[in-house]
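Bear in mind the structure is a predicted one, so any value in this text is a computation, not a measurement. Order of the sequence lines fixes the chain letters, A, B, ..., with proteins taken first and strands second; residue numbering starts at 1 for each chain.
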2 protein chains.
Amino acid sequence: MLRSCTGLRSLWALRGRREGAPRLSTDLPPAPVSPGSRAAKMGRKRLFSTEKVIHKDWSLPNPSWSKDFKLLFDQFMKKCEDGSWERLPSYKHRSTQKSEDFKTYFLEPKLVKEERVSQVQLFTRGFEDGLGFEYVIFSNNDEKRTVCLFQGGPYLQGIPGFLHGGAMATMIDTALGSCAAIPGGTVMTANLNINFKRPVPICSVVVINSQLDKLEGRKLFLSCNVRSVDEKTLYSEATGLFIKLDPEKSLT
Amino acid sequence: MLRSCTGLRSLWALRGRREGAPRLSTDLPPAPVSPGSRAAKMGRKRLFSTEKVIHKDWSLPNPSWSKDFKLLFDQFMKKCEDGSWERLPSYKHRSTQKSEDFKTYFLEPKLVKEERVSQVQLFTRGFEDGLGFEYVIFSNNDEKRTVCLFQGGPYLQGIPGFLHGGAMATMIDTALGSCAAIPGGTVMTANLNINFKRPVPICSVVVINSQLDKLEGRKLFLSCNVRSVDEKTLYSEATGLFIKLDPEKSLT
């Protein structure tokens, strides 16, 4: 396979830090993670000791969040107080500190050039506040379900005035994946089947309820629905099949 | 439904033009469109007379395109010479020039505030060159199929080193939609069913072959596959159901 990507290095050099991207030294401290919590477990499972994590948690409110979004967020934060629900923190970058650390990454070193590893970032956190994906996920580990609150910004347009089907698919994949990770740890999407019932208006807030339906060996079967805040409008329904990964094995 | 999106207006005012976003007066001229071509027909179908289109065509090569990407692009441009294939131009913005023009837009005016219509942009063109979705679609109208050449940048990461499933779903939706538009004109995704066979490495080039399988009234059934440039690796297979829209009718 041919995988070169010429010109990117020089573009990066010319542009430097992207507007809105976090600075290494000025980001917020990491969100508190209780010992034994899902976030702590996921942290241990997903991150490698040599990774440098930029500790701005992007799942916290910012000025672009609508009143409804903030109200819902506060309601779920209340639910977190007795420990039945948990807010999942969300970070943009994961990079290796030294070039030799790259060899410990679980992807094949040949796939992404060493100097580019520090440049990659999570797709859903690549936009400035309010322009792209604004979301937070709450997890109920006992009930094996998650709730994702999502406000899609004006950079996610498909048909004029509405979110792109791919933007909705991205959030559905993210929401289902977060639910699959409760029992599965590190997982990868194998199938996504989405019925788009109605288009989602830009800047509206939707709620994605996901649940684990079945677990068969390394296969996790999930489903979700996407509704308006008042639950009267059903925007989408979807199912997902996820596979539990072995971090020791190559993905290719 | 509650659809407010507070704070965005002030954010826009503070930030002004986004880095990398095109300027109204300095963009490239529109790509030539032959009279009677699909691009010309689509232009008539999709754009309204009151819309101001920023005429930078984002489906042309830029310095971030890899050697393989440019080679494939050139091969398909050769195929366009006899008229059997056609390159589809791609624009980032569509906005109304005057506030009263907004009423002629086919979405409900209440859904997106008037002042925000000029701020929205196509999801797949929201990143700077090389960082997000780099793609071009070629269409064969007689055979009712399209070929999308796609290079996913480092801002589309999911699992470290690989594209986010949502980024692939976005390109699959875009590719299938472009094929559905051959007979359907303006279409909307109703179902997307994707089997992810293997993860796609960041910065690699893939080819998405889409075809129309069946047409039933306003329903268009399509399928596609995503392969490496050498065709040896099958990354994904998908089917899509699209609905032909009536621009005179509201979507909600």
Side-chain angles (χ1 to χ4, degrees), chain A residues 1-8 11 19 63-64 66-68 94 105 107 111-112 116 119-123 126 129-130 151 154-162 164-167 169-170 173-174 188-196 198-199 201-205 228-230 232-233 251-252, chain B residues 1-8 11 19 63-64 66-68 94 105 107 111-112 116 119-123 126 129-130 151 154-162 164-167 169-170 173-174 188-196 198-199 201-205 228-230 232-233 251-252:
Chain A
M1 273 184 288
L2 302 162
R3 292 195 182 93
S4 64
C5 192
T6 57
L8 257 185
L11 277 170
E19 193 191 343
S64 79
S66 73
K67 194 179 163 190
D68 306 319
R94 293 196 295 185
Y105 231 55
L107 57 90
L111 295 181
V112 178
R116 210 164 289 137
Q119 298 164 340
V120 295
Q121 58 178 286
L122 185 65
F123 177 40
D129 287 354
Q151 176 184 288
Y155 277 28
L156 306 185
Q157 181 170 253
I159 283 178
F162 298 91
H164 195 289
T170 299
D173 184 35
T174 300
M188 196 167 67
T189 320
N191 176 268
L192 211 53
N193 190 346
I194 305 172
N195 285 316
F196 299 92
R198 294 167 80 91
I202 286 169
C203 293
S204 61
V205 180
S228 57
V229 172
D230 63 8
K232 286 180 181 167
T233 306
L251 289 175
T252 55
Chain B
M1 273 185 290
L2 303 162
R3 292 195 183 91
S4 64
C5 191
T6 57
L8 256 185
L11 276 171
E19 193 192 343
S64 79
S66 72
K67 194 179 163 191
D68 306 319
R94 293 197 295 185
Y105 229 57
L107 58 90
L111 295 182
V112 179
R116 210 164 288 138
Q119 297 164 340
V120 295
Q121 59 178 284
L122 185 64
F123 177 41
D129 286 354
Q151 176 185 287
Y155 277 28
L156 306 185
Q157 180 171 254
I159 282 178
F162 297 92
H164 194 289
T170 298
D173 184 35
T174 300
M188 195 167 67
T189 320
N191 176 268
L192 212 52
N193 190 348
I194 306 171
N195 285 316
F196 298 92
R198 295 167 78 91
I202 285 169
C203 293
S204 61
V205 179
S228 56
V229 172
D230 63 9
K232 287 182 181 166
T233 306
L251 290 176
T252 55

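Side-chain atoms of Ser228(A) come within 3.5 Å of backbone N or O of Thr233(A) as a donor-acceptor pair. Under a 3.5 Å cut-off, the side chain of Asn191(A) and the backbone N or O of Phe196(B) do not form any donor-acceptor pair. Side chain of Gln151(A) to backbone of Ser64(A): a donor-acceptor contact under 3.5 angstrom is found.
Considering only heavy-atom pairs separated by less than 4.5 Å from chain A, the leading option among Ala169(B), Gly165(B), Ala167(B) is Ala167(B). In terms of heavy-atom pairs under 4.5 angstrom with chain A, the leader among Leu122(B), Thr189(B), Asn195(B), Asn193(B) is Asn193(B). Ranking Thr170(A), Leu192(A), Asp173(A) against chain B, the residue ahead of the rest is Leu192(A), based on heavy-atom pairs under 4.5 Å.
The two residues Ser66(B) and Val205(B) make their nearest non-hydrogen contact at OG-CG2, 3.3 Å.
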